[in-house]
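Before any comments, here is the structure.
Everything quoted here is computed from the prediction, not taken from an experiment. Naming convention: chains lettered A, B, ... in sequence-line order (proteins, then strands); numbering from 1 in each chain.
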Amino acid sequence: MNNAVQEPPSNPVEPRGRAVRYILHVDADAFFASVEQTLQPELRGKAVIVGGGDRGVVSAASYEARAFGVRSAMPTVEARRLCPHAIFLEPNFRAYKDYSRRMFAIMEEYSPMVEATSVDEGYVDLTGALRLHNAPPWEIAHRMLDRIRSTLEISVSGALAGSKTAAKMATRLAKPNGLLYLEPNRAWIILGRLPVHAVPGVGKRARQLLEQRGITTVADLAHTPPRLLRSLFGVWGEKLLQIARGNDSRPVRREPRGAQKSYSKDRTLAQDTLDYEFVRDMARKLAEKLAARVREDGQRAATVTFKVRYADFVDCSRSMTMWEPTNVNAEILDCIDRLFWKTVQPRRPIRQIGVKLSGVCSYGAQLNLFDSRHEIKERRDSAVDAIRQKYGFESIGASGDGNLPLPG
Amino acid sequence: MLFEIQRDIFFDGLSKTVPIAEKRSPLPILSHVLLDAGEGQVSLTATDLEVGLQTIHESDVKETGRVTLPSRKALEIVRELPGGLVTIQSIGEGRIKIIASESVFELAGMDPADYPAWSAFEQIKPVTVEAEKLINMIEKTSFASSTDESRFNLNGVLFEWRDNRNRLVATDGHRLALMDGELGLSLESSVLVPKKSLNELRRILESVQGEISLGFEEKNLVVRTHRFTMTLRLIDGEYPDYTKVIPKSGDKILTADRMKLLQALKRVAVLTSDRNRGINMSVSAGRIELTATHQDLGTARDVVDVDYKDEEFSLIINVSYLIESLSVVDTETISMEYIKEGAPIVVRPHPVKDYFNLVMPMRK
């Protein structure tokens with residue numbers, strides 16, 4: 001493999017026979033920090049680091065701070081060393097949520113086909129909105145981003161391309177505060193030059209494995225024999241290849257506003273481990289944090305899914321659906337405990353775990369004839385949430401925490 | 001073994017027993033039906049170990065004996081046979097021939113000795129009950145029991161003996177149905193019969209008029225007529241103390257035309273979703289207003305005239321529960337009793353009879 005740009009293989013960005021789509025990926029720049037700078041104008045132009053929280057890591061760093069090498073997910077201690085003059089702020093999630101809501105509301109004014117993938121990024125499918133605006137797609141994208149910038153006074157970037165993956169990868173190039181348009185047929189000439197970790201999903205470990213084999217750019221990856229990727233990453237390897245080849249026909253999925261369908265959290269471990277007790281504790285913590293979010297939104301979830309990714313990139317997941325939706329910690333943790341040993345295979349080092357709560361519904365729960373303690377549990381959990389929001393996650397122990405015996 | 005039987009009789013027996021045979025069993029023989037040819041009669045037996053059914057049919061038995069037949073295939077074959085006599089013959093090495101004029105089928109059976117033992121239940125002292133009475137009591141209650149397999153103790157209907165009467169109770173934790181009746185089935189302690197098995201019993205009893213005998217042995221409810229014996233394996237589990245949740249009479253009682261209310265409920269139910277079956281029910285003097293909101297589709301509103309003079313109240317309730325609850329009532333008028341917020345609604349026939357059911361509302 002070499003770094004020379006190769007013509008994309010028989011894989012133009014749009015699978016043959018399919019109409020061209022115009023997908024805009026929108027991503028706010030250093031979102032939390034950007035919102036803080038808007039709320040407190042005296043912070044503008046200064047190095048602002050939002051962090052602390054429960055793990056003591058950086059949640060967001062303004063571009064001024066990034067200039068000193070501060071990155072998100074970096075321990076705050078490290079950030080302080082790199083940029084001692086930075087202003088460190090506790091996260092103010094309520095404000096971020098509000099700004100997020102307003103940002104997506106603006107996006108929806110331009111096309112109803114909006115999919116939020118996180119608090120500060122999402123996709124808009126402009127294909128069907130061209131006639132409405134009587135303008136070319138890049139013009140609409142430009143207007144939209146400008147509206148966000150002027151209305152919310154935050155910095156936002158975006159890229160317009162023929163698929164979600166292409167748009168997302170191109171946004172990297174547009175940042176900060178830019179907009180990039182990639183013509184679908186030629187997009188991969190540029191994207192192919194990007195380093196391999198620009199492909200969504202390729203993290204530190206996958207990057208290492210690929211680079212060891214001389215696969216350093218997206219184009220290299222697109223030309224890698226499927227067999228090699230399968231042996232490295234299992235089924236995910238095949239998906240990865242499709243992504244790198246630009247074969248991505250995933251539609252922009254419009255979600256009813258305010259109705260989140262599921263809540264999930266993944267955590268990649270600092271290193272692969274066989275310490276299942278540690279992993280299970282982490283799974284329980286993820287589940288508790290998700291449950292807190294579900295409670296905050298006044299929702300309940302019926303299905304709990306637990307996922308394990310082993311060191312060899314093989315995924316394994318199990319889920320169970322409860323008799324009725326809940327947001328009570330004890331009930332969700334009970335599911336995690338039950339799923340844990342169904343999912344985890346002994347003597348296989350674990351690389352990543354994930355928890356998902358789905359089957360979300362907002363309606364007032366069905367009351368029970370026989371058990372009135374449910375409501376008390378829910379209130380108790382919400383009280384714990386309030387304490388944790390103020391003093392951090394570890395400030396108070398997990399409710400209903402009972403340790404299951406671990407097999408030898 | 002060799003016998004002749006009328007195609008229609010044989011088909012009737014198979015269509016009753018075959019649905020009971022286990023479809024996907026770890027024990028392959030449970031997917032077979034057992035044929036036992038005795039003097040002048042043939043019995044067909046099927047079981048999934050939860051429910052067992054043995055039907056008895058007249059037949060010209062030339063040679064007694066026992067064989068098993070793959071149940072689904074046997075039923076498919078006999079369904080397609082013309083009317084008239086069918087000959088069933090065991091031809092050795094576990095093979096069985098089914099002959100009807102020019103049609104000949106040869107099927108592989110299994111060793112009948114491996115078929116689960118069928119007790120004759122002779123030690124049971126049965127009582128005689130009107131089939132219709134038992135069906136009625138099951139219909140009034142079993143709908144409220146749970147289908148969630150993790151709550152196996154709520155998957156059944158509780159049979160009790162109280163003050164020389166029988167009481168049937170079913171609940172899934174959200175609603176509860178109760179009926180007292182004269183089955184004359186005295187019990188030393190209450191027993192739990194699975195809802196699924198009771199549904200099978202109802203299916204079989206549909207074609208039965210008159211009396212059946214009923215008895216319990218240690219692990220089974222046994223139902224018998226001269227045509228069949230059915231065994232229903234009891235659930236071994238703790239039943240919650242339902243008496244604690246039956247509310248004392250309140251004062252807010254409304255009465256309404258059952259069909260009118262039921263139809264209105266079915267209309268507003270259209271705009272509920274599978275995820276959220278909750279509707280809003282507001283009751284004020286002389287009327288019930290029902291409203292439903294579907295997150296993506298829209299709203300529905302309906303008003304039903306009722307007889308009610310008391311204070312207004314409103315609640316959110318699972319419309320499916322309420323529909324089922326009203327559906328089992330067999331009077332033209334129903335009464336609904338509201339006790340207080342967070343307490344169950346009591347649905348009764350009006351005038352009052354010996355059954356009622358409770359539906360817990362949803363949190364507002």
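- Around the CD atom of A:Glu109, the shell of radius 6.0 Å holds more than 12 heavy atoms that belong to other residues, nucleotides or ligands.
- More than 12 non-hydrogen atoms from other residues, nucleotides or ligands lie less than 6.0 angstrom from NZ of B:Lys195.
- More than 12 heavy atoms of other residues, nucleotides or ligands shown are found within 6.0 angstrom of CZ on B:Arg202.
- Contact of B:Pro344 with chain A is made through the side chain alone, with heavy-atom distances under 4.5 Å.
- For B:Lys260, the NZ atom sits in a loose shell: 12 or fewer heavy atoms of surrounding residues, nucleotides or ligands are nearer than 6.0 Å.
- A 4.5 Å side-chain heavy-atom check between A:Leu367 and B:Met362 finds every atom pair outside the cut-off.
- Between B:Asn318 and A:Gln366 there is a side-chain heavy-atom pair separated by less than 4.5 Å.
- Around atom CD of A:Gln345, more than 12 heavy atoms belonging to other residues, nucleotides or ligands sit under 6.0 Å away.
- The local environment of CZ in A:Arg94 is sparse, with at most 12 non-hydrogen atoms from other residues, nucleotides or ligands closer than 6.0 Å.
- Annotation for B:Lys353: atom NZ counts as buried by contact number, over 12 foreign heavy atoms lying within 6.0 Å.
- Looking at B:Leu358, only its side chain comes within 4.5 Å of chain A, counting heavy atoms on both sides.
- Close approach to chain A, defined as a heavy atom under 4.5 Å from one of its heavy atoms, is seen in B:Pro240, B:Asp241, B:Tyr242 of residues 237-244 of chain B, taken by number.
- Of all residues spanning residues 166-175 of chain B, those with a heavy atom less than 4.5 Å away from chain A's heavy atoms are B:Thr171, B:Asp172, B:Gly173, B:His174, B:Arg175, arranged by number.
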